[in-house]
There are 4 protein chains.
Amino acid sequence: MPPAISPTRRRARRKDARPGEIVEAALGLFAERGFAATKLEDVAAAAGISKGTIYLYFPTKEHLFRAVVRLAVLPNLEAAMALAADPERSAADTLRLLAERFLELLDSDLTAIPKLIVAEAGNFPALAQFYADEVARKGMALIRGVLARGIARGEFRPVDLDGALPLFSAPFLLLALWKHSLGRHTDIEFNPRAVVATHLDVLLRGLAAEAPP
Amino acid sequence: MPPAISPTRRRARRKDARPGEIVEAALGLFAERGFAATKLEDVAAAAGISKGTIYLYFPTKEHLFRAVVRLAVLPNLEAAMALAADPERSAADTLRLLAERFLELLDSDLTAIPKLIVAEAGNFPALAQFYADEVARKGMALIRGVLARGIARGEFRPVDLDGALPLFSAPFLLLALWKHSLGRHTDIEFNPRAVVATHLDVLLRGLAAEAPP
Amino acid sequence: MPPAISPTRRRARRKDARPGEIVEAALGLFAERGFAATKLEDVAAAAGISKGTIYLYFPTKEHLFRAVVRLAVLPNLEAAMALAADPERSAADTLRLLAERFLELLDSDLTAIPKLIVAEAGNFPALAQFYADEVARKGMALIRGVLARGIARGEFRPVDLDGALPLFSAPFLLLALWKHSLGRHTDIEFNPRAVVATHLDVLLRGLAAEAPP
Amino acid sequence: MPPAISPTRRRARRKDARPGEIVEAALGLFAERGFAATKLEDVAAAAGISKGTIYLYFPTKEHLFRAVVRLAVLPNLEAAMALAADPERSAADTLRLLAERFLELLDSDLTAIPKLIVAEAGNFPALAQFYADEVARKGMALIRGVLARGIARGEFRPVDLDGALPLFSAPFLLLALWKHSLGRHTDIEFNPRAVVATHLDVLLRGLAAEAPP
DNA sequence: TATGAATGAGGATTCATTCAT
DNA sequence: TATGAATGAATCCTCATTCAT
């Protein structure tokens, strides 16, 4: 026999779940249509609630947008940082793991976030700043750490860190953007797994320390 | 002494120049604010004409958008294709020249086009298809040709062409997007020249055929 | 030792008090913000109950408004009528007592009622009628009676009763409206006691029967 | 033959007239329904234009409200001040002229302004301040000047100026408010001319200097 | 009785587009 | 051709009211 749940408890559970449900519905629609072109009424419908209910949890459409970005980004950023922090792992293996993680994410709507940020940065400077400072900066520090470790350990030759910083991420960005923009409107297809495999192969070779004579 | 031009002639010249002036003004504003957030009234003001006049040359805002994309993209694509077609040039040098060309473009507003496409693909499927087919497809064919030539000439080792295709362009895309979105809202800066130099260095090493024993 | 009150009894007492508590809270907020700008949620909070509970006692916001008006007005109107009915008292003294009573009321929120009526008459015709018929008409009859008595007793010279009717009340109305509208937004201040004293002085002289030669 | 008017001129005349037409239509509806209950769509309809056109001349509903107040009040205040400034006129005659002027105004919608101010002061503090400072303060200074002149000239006995200040205006306020609120919803009627006549009669007697022995 | 989550009608505002001049 | 005043569809947000608990 399951433990009895008081009516109050059951209601509370509903209330606790709502913001997440709304954010999830919003992510899907924002990913598909962009921020401006998404009507809150449609978000509500997608979440199975009514327009007004959204406003019980988010004071404006922009706040909902921020919540979407936060919720979609922060857990993954933290996971990536934890993964990159392991001092035992070689730099190459760390990059491979990060790449693997990205491929998993690519099936969800989460990778629509960069598209949304790119599209709306101009209209939401505060959000752009938040993303730049909280996500981009941290992500870049993460990569910089891995590259520096690789160089220190003799895996990689000493390259210009500032110049090398974007190189690892750039193809992932391209794949994510493609999927959520042009990819929906053309039959040109990328095979993400192949692209990522080639990327790692080429990048790691390109960075590899010279073979000792 | 230049030949006298009758007022009628002058008017005609003006008329011919108008669409270009409007498109240029629109590009600047679209680059800054995005498509939806740009008012046609502001485009008109930037072009030094009145709102109604735009409609003498472009039936809708979307048509103007298409003209912007076409005008901003096609000349450069053609230049790049011409550049890549030279059978004398090594693959590596071709990539270097393309990179150099990109760096020159980065100072203009032209590199805002990818941001616009990414942002608006969902709202303008026809435009997305046009861009995918006319620009992306041709650009990819161009790169594929260069890589294939490099492999054929023994410059590059035989890599998976489909997987390698986006690798060359990805950092350029990242730099262009950064400049027109987050870059405007943070003090994090990239040095495009350094990034591109490192990119070429790493990529060309990563692709290089094994040194003979 | 007070007699024990069963929980049920206490609840009942509470229930009886509720409507009054709600009306009181509503009067305070209506006085401050007006009817339309007052949210029932705020009334509920001020009364220490929840939004839904108001609907157990008042079917609509308008009904609550009516209750506020009735409760705030009727007791005072009755007191004034009782006061004016005393056939012993001179007309001048009656007016002085009414003025004194008004000055006492001016410290409470009750004098916000005229402002509310003026503001909302257009939106609540039924309320306007109720107020006109039940309050204004009776108040005017009261004043008319006092004036008529004063004339009959030889205190006042015979003036046009219809023309004189509003003269006594007008400064009180002005003071009440000022306090609840402009008075909140400027440093111009009236001294109600001085205004009322001067009003009585001037009015009673102005009405006074000619001194016998 | 009337002088030819260029199309541009004719259009310009239309444009110049628009704000006034809109303000007039708005005054009528605000007077009838109050600010909040008046839809801009109805104002537009009353002015014979469409919703959007209002926004060509007034950035928000509140700005329109301010324009209504300014336009309705300032000309009359200035006329009153000019009238009161004549040093030849006796204080009593000045008050009579002011009263006469008010009676003329009472037929228009202009006297709805006090009702609007009273009703909306809480929601538009800035407007309330404007009205208090620009209208009420100046109006009071005007009356104070007339009373002081009357006392100085020996027409009036020396009364407490602060206490006497609101006495002249109060019945006019009452008449204006009555007309635009309760007056619309009851058959109780005031005869403004009779009220004003009695008011002047009583007030001037009440203020009159003691007859010399 | 009491709660407070959910509803949805209603209105201010924006801006692409039209059209009389 | 060129203008810019006018239009009205579209959408965010508020809050009185309902109702499951």
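Using a 4.0 Å cut-off, some side-chain N or O of C/T53 falls inside it from OP1 or OP2 of E/dT3. In terms of phosphate contacts, B/S50 brings a side-chain nitrogen or oxygen within less than 4.0 Å of OP1 or OP2 of F/dT3. Here C/R18 does not reach the OP1 or OP2 of E/dT1: none of its side-chain N or O atoms lies under 4.0 Å away.
D/A36 meets the side chain to side chain contact (heavy atoms under 4.5 Å, CB included) test with no other residue; sequence neighbours excluded. B/Y55 is linked by a ring-ring contact (aromatic ring centres under 6.0 Å, His included) to nothing, counting only residues two or more places apart in sequence or in another chain. For B/F35, the ring-ring contact (aromatic ring centres under 6.0 Å, His included) partners two or more places apart in sequence, or in a different chain, are B/F30, B/F65, B/F124. Partners of D/F130 by ring-ring contact (aromatic ring centres under 6.0 Å, His included), not counting sequence neighbours: none found.
Counting heavy atoms from C-beta outward, D/L64 and D/L40 have side chains that approach closer than 4.5 Å. Residues B/L116 and B/V69 have side chains not in contact (no heavy-atom distance under 4.5 Å, counting atoms from C-beta outward).
Atom P of nucleotide E/dA16 and atom CD1 of B/I54 are separated by 9 Å, given to the nearest angstrom. In this structure, the NE2 atom of C/H63 is 14 Å from the C1' atom of F/dT17, given to the nearest Å. Summarising the geometry, the separation between OH on D/Y57 and P on E/dA12 is reported as 20 Å, rounded to the nearest angstrom. Protein atom OH of B/Y55 is 16 Å distant from nucleotide atom P of F/dA2, rounded to whole Å. Atom pair B/F58:CZ and E/dA16:C1' shows a separation of 16 Å (rounding to whole Å applied). Nucleotide F/dT1 holds its P atom 12 Å from the CD1 atom of B/I22, rounded to whole Å. Atom CG in D/D16 sits about 10 Å away from atom P in F/dA5, given to the nearest Å. At whole-Å resolution of the value, CZ in D/F65 and P in E/dG11 are 18 Å apart.
For residues 112-123 of chain B, the set of pairs meeting the side chain to side chain donor-acceptor pair (under 3.5 Å) definition, not counting sequence neighbours, comprises B/E120-B/N123. The salt bridge (charged side-chain N to carboxylate O under 4.0 Å, His left out) contacts involving residues 60-72 of chain D comprise D/E62-D/R66, where partners must be two or more places apart or lie in separate chains. Annotation: side chain to side chain donor-acceptor pair (under 3.5 Å) contacts involving residues 38-54 of chain D, sequence neighbours excluded, comprise D/R33-D/D42.
Contact annotation: side chain of D/K51 to base of E/dT13, donor-acceptor pair present below 3.5 Å.
Each of D/P59 and B/P59 lies near DNA chain E, and the nucleotide nearest D/P59 is the one positioned closer to the 5' end. Across the interface with DNA chain F, nearest-nucleotide mapping of A/T60 and C/K61 shows A/T60 to be the residue nearer the 5′ end.
In this structure, C/Q129 places its CD atom where more than 12 heavy-atom neighbours from other residues, nucleotides or ligands lie under 6.0 Å away.
Of the residues in residues 31-43 of chain D, D/T38, D/K39, D/L40 come within less than 4.0 Å of DNA chain E through at least one heavy atom, sorted by number.
In this structure, of E/dT7, F/dA5, F/dG8, it is F/dA5 that holds the atom nearest to the side chain of D/L56.
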(request) Both distances under 3.5 Å, Watson-Crick or G-U wobble: on that basis, could you give the dot-bracket string for DNA chain E, with [ ] for crossing pairs and | for other-strand partners? (result) .||||||||||||||||||||

